[in-house]
Amino acid sequence: MRLRTQRPLLGIMVTELNRDLPFASAIFYQHLTRHGASKGIDVFVFSPNRIDWMQEMVRGYMYDRTQQAWITKLFPLPSLIYDRCFFSNKQSYLTYQYHVRKLRDIPSIRFLGYGLGGKWEVGLLLQRDPALLAYLPETSRLRSGNQLEQWLQSHSDAFLKPQGGSQGKGAIHIHKEDSHFQLQGRDGRNQPILEEFQTWSACWRWLKQAIGSRPYLLQSYLQLHAMNGMSYDVRSLVQKNGRGNWEHTGMAVRVGKPGSITSNLHGGGTAEDAREFLTREFGENKSDQLIDTITMLSTHIPTVLESYHGRLAELGIDFGIDNSGRVWIIEVNSKPGRTIFARLHNERARSKSIANPIHYAGFLLNKQLS
């Protein structure tokens, strides 16, 4: 029999890490705890592998603002779940899937949103909407060396990225000139890669070892560089609010380190105000057009994905802008970070990005009670 608490519980579901405080993003979750308290919702953090299914209880962590410390205790299964799990391998994902299926079968539990699949699966969903096709780069699954060799004979450049990767890890740009191949990117530990090969066989041998058994995507290489040669993209955050509606929380530009092919902050990138950056690159009129396009796509993409995938709570959408000023949809993430707004000192966007999950949790709770 499940125990009841006086106040509703929002459980932040996380991947357990092997360290004293076994989860990341503790500062973000402290803010969620404070916002939750102001809305009458108790917030705690738990890992799905700590659930006792016989008792329908879970051991988790709650932030005690008096002690200014995380304390561990036993909780009943929460009525609301905010999924923030990330996976380092297939086994941890399969374990997570098992617990999520069981949680979804309990009628009294609501997820704020259900995590999207990998990049390939998300791309297939986006392709179902004809209005989005012009913004999607040519993409296929990487299946063999012959496939990649033929691609390079007609394209000269290719962009490889893991289907389930994040933070730019494992992304590789291949440039072919005559029989010479140059590789640039980041390995699985996010360290820079720069390799050159005189033959395709040597190049593919190195790639096979670097990629291993991980599923990869083969994609058009887009010239997503600023005038100074730095790679950049635009991160747009959209979230559901306290009325259950999608709203555009904000956008910012991420600029990569010198020589990097990706612009992720974890790879050493920096954050800049989107309007200021794009005006400097393209002029005021073109900058306005680009921001209008990105805003339009940011409000359209969530409804497209949700219609095929099921409930979502928030999305981080990465856009590329090539040298001709064309906008591309690079990636959509259902578990986005918020670091970019803190680095910009954009307090309005940062505060909204933290508060919205709590506001949406309150909306789901009231909807459930009614």
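Values reported hereafter were calculated over all heavy atoms of this structure, with side chains retained and with hydrogens, waters and symmetry mates removed.
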Peer 1: Nearest 0.5 Å please: distance from the CD1 atom of Ile294 over to the CG atom of Leu290.
Peer 2: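 If I round to the nearest 0.5 Å, the distance is 6.0 Å.
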Peer 1: Mind running side-chain contact (heavy atoms from CB on, under 4.5 Å) on Asn333 and Leu116 for me, showing each step along the way?
Peer 2: CA-CA 7 Å; Asn333 183 355; Leu116 288 169; over 6 Å; no
Peer 1: Taking all atoms of both residues into account, what is the closest heavy-atom pair of Ile41 and Ile358, and its distance?
Peer 2: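 Shortest heavy-atom contact: CD1-O, 4.3 Å.
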Peer 1: Please work out whether the ring planes of Phe28 and Tyr82 are parallel, tilted or perpendicular, with thresholds of 30° and 60°.
Peer 2: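 Ring orientation, 0 to 90° scale: perpendicular.
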Peer 1: Can you check whether Arg205 reaches Phe197 side chain to side chain, under 4.5 Å on heavy atoms?
Peer 2: no
Peer 1: Please work out whether the ring planes of Tyr93 and Phe87 are parallel, tilted or perpendicular, with thresholds of 30° and 60°.
Peer 2: perpendicular
Peer 1: For the atom pair CZ (Arg7) and CG (Leu365), what is the distance rounded to the nearest 0.5 Å?
Peer 2: 11.5 Å
Peer 1: Would you confirm whether the ring centroid of Phe277 sits within less than 6.0 angstrom of the ring centroid of Tyr232?
Peer 2: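 Yes, they do, as the ring centres are separated by less than 6.0 Å.
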Peer 1: Closest heavy-atom contact between Ile330 and Gly320?
Peer 2: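 It is CG1-N, 3.3 Å.
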Peer 1: Looking at Arg311 and Glu306, is there a salt bridge between them, counting it only when a charged N and a carboxylate O are closer than 4.0 Å?
Peer 2: no
Peer 1: Do Tyr63 and Tyr61 have their ring centres less than 6.0 Å from each other?
Peer 2: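 Judged by ring-centre distance (under 6.0 Å), Tyr63 and Tyr61 do not meet the cut-off.
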Peer 1: Below 4.0 angstrom, N of the basic side chain to O of the carboxylate: do Asp83 and Lys335 qualify?
Peer 2: yes
Peer 1: Using a strict threshold of under 4.0 Å (side-chain N to carboxylate O), is an ion pair present between Arg59 and Asp52?
Peer 2: no
Peer 1: List the atom of Ser287, the atom of Phe282, and the distance in Å for their closest heavy-atom pair.
Peer 2: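 Nearest pair, atom of Ser287 first, then Phe282: N-CB, 4.4 Å.
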Peer 1: Please round to the nearest 0.5 Å and tell me the distance separating atom OG of Ser334 and atom CD1 of Ile317.
Peer 2: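 The distance works out to 11.5 Å.
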Peer 1: Passes side-chain contact (heavy atoms from CB on, under 4.5 Å), Gln30 versus Ile27? Steps please.
Peer 2: CA-CA 5 Å; Gln30 286 179 36; Ile27 300 297; 3.8 Å; yes
Peer 1: Counting only heavy atoms not in Glu177, do more than 12 sit closer than 6.0 Å to its CD atom?
Peer 2: no
Peer 1: Applying a strict under-4.5 Å side-chain criterion to I, L, V, M, F, W and Y, I'd like to know whether Phe75 and Ile109 cluster together.
Peer 2: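 The answer is yes; both residues are in one hydrophobic cluster.
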Peer 1: According to the interplanar angle, ranging from 0 to 90°, do the rings of Phe363 and Tyr360 count as parallel (below 30°), tilted (30 to 60°) or perpendicular (above 60°)?
Peer 2: parallel
Peer 1: Would you check if Trp328 and Ile321 make a side-chain contact, meaning some heavy-atom pair closer than 4.5 Å?
Peer 2: no
Peer 1: Going hydrophobic residue to hydrophobic residue with side-chain gaps under 4.5 angstrom, can you get from Leu126 over to Trp120?
Peer 2: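 The answer is no; the residues belong to distinct hydrophobic clusters.
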Peer 1: Which distance, rounded to the nearest 0.5 Å, do you find between the CG of Asp64 and the NZ of Lys73?
Peer 2: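 Result: 9.5 Å between the selected atoms.
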Peer 1: Does atom CD of Gln209 have more than 12 heavy-atom neighbours, drawn from other residues, nucleotides or ligands, at distances under 6.0 Å?
Peer 2: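 No - once you tally the heavy atoms of other residues, nucleotides and ligands closer than 6.0 Å, there are 12 at most.
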Peer 1: Would you call the rings of His173 and His175 parallel, tilted or perpendicular, taking 30° and 60° as the class edges?
Peer 2: tilted
Peer 1: Would you mind reporting whether Thr33 and Asp42 have side-chain heavy atoms less than 4.5 Å apart?
Peer 2: no
Peer 1: On a heavy-atom basis, which atom in Pro76 and which in Val58 lie closest, and how many Å separate them?
Peer 2: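 Taking Pro76 first and Val58 second, the nearest heavy atoms are O-CG1, 4.3 Å.
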Peer 1: Can you tell me if Asp322 and His225 form a side-chain donor-acceptor pair at under 3.5 Å?
Peer 2: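 No - no donor-acceptor pair under 3.5 Å links their side chains.
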Peer 1: With a 6.0 Å cut-off (strictly less than), is the heavy-atom count around CD of Gln191, excluding the residue itself, greater than 12?
Peer 2: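 Correct, the count exceeds 12.
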Peer 1: Just by distance, with hydrogens left out, do Gln219 and Thr139 show a side-chain donor and acceptor under 3.5 Å apart?
Peer 2: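 Yes, because at least one side-chain N or O of Gln219 sits under 3.5 Å from a partner of the opposite role on Thr139.
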Peer 1: Inspect the contact between Glu314 and Arg338 and indicate whether a charged nitrogen and a carboxylate oxygen are less than 4.0 angstrom apart.
Peer 2: yes
Peer 1: How far apart are the C-alpha atoms of Tyr221 and Ile174, what are their side-chain angles, what is the distance that settles it, and do they pass the side-chain contact (heavy atoms from CB on, under 4.5 Å) test?
Peer 2: CA-CA 9 Å; Tyr221 177 69; Ile174 308 173; over 6 Å; no
Peer 1: With ring centroids as reference points, do Phe23 and Trp70 lie under 6.0 angstrom apart?
Peer 2: yes
Peer 1: Measure up the His155 and Trp151 rings against each other and bin them: parallel (under 30°), tilted (30 to 60°), perpendicular (over 60°).
Peer 2: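 Parallel, since the angle between the ring planes stays under 30°.
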Peer 1: Can you see which heavy atom on His99 is nearest to which on Asn49, and at what distance?
Peer 2: NE2-CA, 3.8 Å
Peer 1: Following the transitive rule for hydrophobic clusters with a side-chain heavy-atom cut-off under 4.5 Å over Ile, Leu, Val, Met, Phe, Trp and Tyr, establish whether Ile81 and Ile51 coincide in one cluster.
Peer 2: yes
Peer 1: For a salt bridge (Lys or Arg N to Asp or Glu O under 4.0 Å) check, start with the C-alpha distance between Glu247 and Lys352, then their side-chain angles and the critical distance, and finish with the verdict.
Peer 2: CA-CA 10 Å; Glu247 68 174 34; Lys352 275 182 68 177; 3.2 Å; yes
Peer 1: Would you check if Phe319 and Ile329 make a side-chain contact, meaning some heavy-atom pair closer than 4.5 Å?
Peer 2: yes
Peer 1: Does the side chain of Val255 reach to within under 4.5 Å of the side chain of Asp233, using non-hydrogen atoms?
Peer 2: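 Not touching, per the 4.5 Å side-chain cut-off.
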Peer 1: Yes or no on side-chain hydrogen bond (donor to acceptor under 3.5 Å, both in side chains) for Thr249 and Gln239, after CA distance, side-chain angles and deciding distance?
Peer 2: CA-CA 7 Å; Thr249 303; Gln239 298 173 296; 2.7 Å; yes
Peer 1: May I ask you to check whether over 12 heavy atoms, not counting those of Gln223, lie within 6.0 Å of atom CD?
Peer 2: yes
Peer 1: Once rounded to the nearest 0.5 Å, what's the spacing between atom CZ of Arg50 and atom CG of Leu74?
Peer 2: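 It is 12.0 Å, given to the nearest 0.5 Å.
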Peer 1: Does Val253 share a hydrophobic cluster with Val327, counting links as ILVMFWY side-chain heavy atoms below 4.5 Å and allowing steps through other members?
Peer 2: yes
Peer 1: Would you give the length of the straight line joining atom CG of Leu297 to atom OH of Tyr135, rounded to the nearest 0.5 angstrom?
Peer 2: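 OH of Tyr135 is found 5.0 Å from CG of Leu297.
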Peer 1: Does some side-chain heavy atom of Asp292 sit less than 4.5 Å from a side-chain heavy atom of Met296?
Peer 2: no
Peer 1: Side chain of Arg141, backbone of Arg143: donor and acceptor closer than 3.5 Å?
Peer 2: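 Pair absent, no side-chain N/O of Arg141 close to backbone of Arg143.
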Peer 1: Which heavy atom of Pro357 sits nearest to which heavy atom of Leu112, and what is that distance?
Peer 2: O-CD2, 3.4 Å
Peer 1: I'd like to know whether Arg104 forms a side-chain contact (heavy atoms from CB on, under 4.5 Å) with Tyr114, so could you lay out the CA-CA distance, the side-chain angles of the two residues, the decisive distance to 0.1 Å, and finally the verdict.
Peer 2: CA-CA 10 Å; Arg104 287 181 71 163; Tyr114 303 116; 3.4 Å; yes
Peer 1: Check Glu272 with Arg280, please: is the shortest side-chain N to carboxylate O separation under 4.0 Å?
Peer 2: yes
Peer 1: Is it true that Trp200 and Phe181 have ring centroids separated by less than 6.0 Å?
Peer 2: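 Yes, the ring of Trp200 comes within the 6.0 Å limit of the ring of Phe181, centre to centre.
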Peer 1: Can you find a heavy atom in the side chain of Ser236 that is under 4.5 Å from one in the side chain of His248?
Peer 2: yes
Peer 1: Taking everything shown except Lys39 itself, do over 12 heavy atoms lie less than 6.0 Å from its NZ?
Peer 2: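 Result for NZ/Lys39: open.
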Peer 1: Does Arg128 make a cation-pi contact with Tyr308, if we ask for NZ or CZ under 6.0 Å from the ring centre and within 45° of the axis?
Peer 2: yes
Peer 1: Under 4.5 Å between side-chain heavy atoms, counting indirect links through other Ile/Leu/Val/Met/Phe/Trp/Tyr residues: same cluster for Leu142 and Trp206 or not?
Peer 2: yes
Peer 1: Do Pro48 and Cys85 make a side-chain contact, defined as non-hydrogen atoms from C-beta onward lying under 4.5 Å apart?
Peer 2: yes
Peer 1: Using modelled atom types only, decide if a donor and an acceptor are shared between the side chain of Ser38 and the backbone of His35 within a distance under 3.5 Å.
Peer 2: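 Yes, Ser38 side chain to His35 backbone: donor-acceptor pair under 3.5 Å.
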